[in-house]
Amino acid sequence: MVLVFERLLVSNTKINAKNISLRQIFDAVPRLDVKSILSMEPIGQELIIHGWVRNFRSNRFIALNDGSSINNFQLVIDFEKFPEEVIKRISVGSCIKATGKLNPSLGAVQKSELVVDTLDILGDSDPALYPLQPKKHSLEFLRDIAHLRFRTNTFSAIFRIRHAVAFAIHQFFNDRGFFYLHSPIITASDAEGAGETFQVTTLNLDKIPRTEEGEIDYKKDFFSRPSNLTVSGQLEAELAALALSKVYTFGPTFRAENSNTPRHLAEFWMIEPEVAFNDLNDNMDLAEDMLKYVIQYILSNCSEDLKFLNDRDQEEQKQKPQQERNEFSLLEKLDFCLKNNFERISYTEAIEILKNSNPNKKGKFQYPVEKWGTDLQSEHERYLVEKHFKKPVILYNYPKEIKAFYMRQNIDNTTVAAMDILFPGIGEIVGGSQREERLEKLESRMKEMHRPIQEMYWYLDTRRYGTCPHAGFGLGFERLILFVTGMSNIRDVIPFPRYPGNAEF
RNA sequence: GCCUCUUUAGCUCAGUUGGUUAGAGCGUCGGACUGUUAAUCCGCAGGUCCUUGGUUCGAGCCCAAGAAGGGGCGCCA
């Protein structure tokens, strides 16, 4: 035992003890991941490594990756000591287990390398058929093989960052006394009217039960009523906020819209905090703090992956004509976002800026900005964010006609306390509001907008019993990932994208 | 859903005014070399030119319809 522990101490200087399982302490040779090994000083320690072959050069050098890091780890084999049948099976994509000694590398690029004693092929990968090569592939091609794209540097970096962002969001809210609320995925009403819904049913579609009147008999359906996948957890979050004070949801959201853009998915993840006693300003502060916290977190914890995506983006920019290139690199953009306050302007101010803008005067906008009250088009939002202010912009106090029924009416009787956060290159990343907490105002607004008041008794009950001012917002998780990774298509920042005509994998 | 562009080898792409046997780089395979860094050098193989129909003596190229993908717009997060 003493010997084993001594050996462990020698071989794992600089290794965080958390990385080693109890079983490994009793194993003679520790099994370590690439990330841990790369942090060690090479002094000939013996270890076991598993991973997938990224490249095999000169019958001698294996570039191995196990997803723990963007970096590959070099294994060196003396090909004369291994049977030719084994050497032949070391190909791009194959999975291997190796034991050997960690030595300083003779090569210029890497600090250390494993001189291999024994090598097992755990999984062959026929090089004639394996679609991934050690070269650049187009994102469109990789989207077609989304089950294999995790094995590329770009996608492994994206999904490590995606994890870190999710973790940072939970940490942010937890540190501030929020409770993580699981809002339902199946709901019985499209109460918010947020969009087209996916219907959930167990009825036999070949033999739909009918009532005497010929209507579909939902009494025979699983929930005895029509049901669908959630389009938002907000209303449920409000119910909880009026008791737990500070809650947030973080779950999947489904919209059956026929949206075909690089910013929309049919299944996406949304974060929806809801806070009792917050007003619109508190709401804007919370959203801005959260976004900055997340950016700071990944800058501190995902620097290598971000550096890789930054360099990748720089290469991509070089291919574009000067005019279309981004002004900032990814890292500069994140840093800028962190160090500057988001610009906060009212809808009314935005309309004035747009009316007097050069593109508007010169008729460059496809939709000219003329009168107060119309919704802003994405070309207008892009002008404000990318040309006029050149930083994230929070627009607030929108005309009530273009916003949802639950938003709090302002004293002017024409606007509501809504706010949208617009990000460069992505557009709307956050949409939120202070909620209408006054029962009469809420009811009259619901009538005007033809929302089913009877059906939503449960929502109105919060205003009937102990109502209070409160506010919240919805953050599109994938849109945030788009921003922090510098990717441009939302289908590339979710493992298995769902969009019209596609639910592969 | 609307507008627009694209579809040629496993991948990334070229292909002249419609003309004989459709090309390149990378990859694969075979060989040489063996401390490489997307190694290097030599060689071979690899094609439903997206699909269907049409025009023509002749179509990768022209016309029509459809499919898939990209970009823009709308809906929004």
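Protein chains get the first letters and strands the later ones, always in sequence-line order, with residue 1 at the start of each. These numbers were taken from a predicted model, which means no experiment stands behind them.
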Give me the distance, rounded to whole Å, that separates [N] from [M] when you measure between the [atom1] atoms they each carry.
N	M	atom1	value
B/G46	B/C73	C1'	42 Å
B/G23	B/C62	C1'	23 Å
B/C5	B/C42	C1'	41 Å
B/G72	B/C13	C1'	25 Å
B/U48	B/G66	P	26 Å
B/A22	B/G58	C1'	16 Å
B/A39	B/G27	C1'	15 Å
B/G53	B/A45	C1'	35 Å

Salt bridge (charged side-chain N to carboxylate O under 4.0 Å, His left out) contacts in which one or both residues fall within residues 65-85 of chain A, not counting sequence neighbours: none

How would you label the contact of A/Gln74 with the nucleic acid (heavy atoms, under 4.0 Å): base, sugar-phosphate, or nothing? base

Within 45° cone and under 6.0 Å: A/Arg151 NZ/CZ vs A/Tyr130 ring: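 The answer is no, since A/Arg151 fails at least one limit relative to A/Tyr130.
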
Ignoring hydrogens, what is the shortest heavy-atom contact between [X] and [Y]? Give both atom names and the distance.
X	Y	value
A/Ala146	A/Phe496	O-CE2, 4.0 Å
A/Asn360	A/Lys355	ND2-O, 3.1 Å
A/Met290	A/Leu475	CE-CD2, 3.1 Å

Need to verify one output field. Residue with the more 5' nearest nucleotide on RNA chain B, A/Gly501 or A/Asn59? A/Asn59

Between [X] and [N], is there a side-chain N or O to OP1/OP2 distance below 4.0 Å?
X	N	result
A/Arg143	B/G70	yes
A/Arg60	B/U40	no
A/Arg57	B/U36	no
A/Asn260	B/C75	no
A/Ser378	B/G74	yes

What are the residues of residues 128-139 of chain A, sorted by number, that bring a heavy atom to within less than 4.0 Å of RNA chain B?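 Correct list: A/Ala128, A/Gln133, A/Pro134, A/Lys135, A/His137, A/Ser138.
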
Decide yes or no, distance alone: a donor-acceptor N/O pair under 3.5 angstrom between the base of B/C76 and the side-chain of A/Ser259. no

Tell me whether the side-chain N or O atoms of A/Glu113 pair up with the base of B/G35 as donor and acceptor below 3.5 Å, since no angle test is needed here.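 Under the 3.5 Å cut-off, the side chain and the base do form a donor-acceptor pair.
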
Taking the six-membered ring for Trp and the single ring otherwise, decide whether the centroids of A/Phe268 and A/Tyr499 are under 6.0 Å apart. no

Check this for me, if you would: do A/Lys111 and A/Glu41 make a salt bridge, where the nitrogen-to-carboxylate-oxygen distance has to be below 4.0 angstrom? yes

Would A/Glu315 and A/Lys136 pass as an ion pair if we require N to O under 4.0 Å? no

Closest listed nucleotide, where the reference is the side chain of [X] and the choices are [options]:
X	options	value
A/Phe141	B/C11, B/C73, B/G30	B/C11
A/Asn489	B/G71, B/C75, B/G69	B/G71
A/Pro127	B/G74, B/G35, B/U28	B/U28

Applying the salt bridge (charged side-chain N to carboxylate O under 4.0 Å, His left out) test to A/Asp492, which of A/Arg162, A/Arg143, A/Arg263 qualifies? A/Arg143

Stem ranges of RNA chain B by first residue number, counting only runs of at least 3 Watson-Crick or G-U pairs under 3.5 Å, come to B:1-7 with B:67-73, B:10-13 with B:23-26, B:29-32 with B:40-43, B:50-54 with B:62-66

For A/Arg160 and A/Gly67, indicate whether the former's side chain and the latter's backbone hold a donor-acceptor pair under 3.5 Å.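 Such a contact is found between A/Arg160 side chain and A/Gly67 backbone.
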
Value in whole Å for how far the C1' atom of B/G69 lies from OH of A/Tyr499: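 Those two atoms, OH and C1', are 9 Å apart.
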
Pairing donors with acceptors under 3.5 angstrom, does anything connect the side chains of A/Asn310 and A/Gln314?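 A/Gln314 and A/Asn310 do not have a side-chain donor-acceptor pair below 3.5 Å.
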
Is the ring centre of A/Phe268 under 5.5 Å from the base ring centre of B/A77, and are the two planes under 30° apart, so that they stack? yes

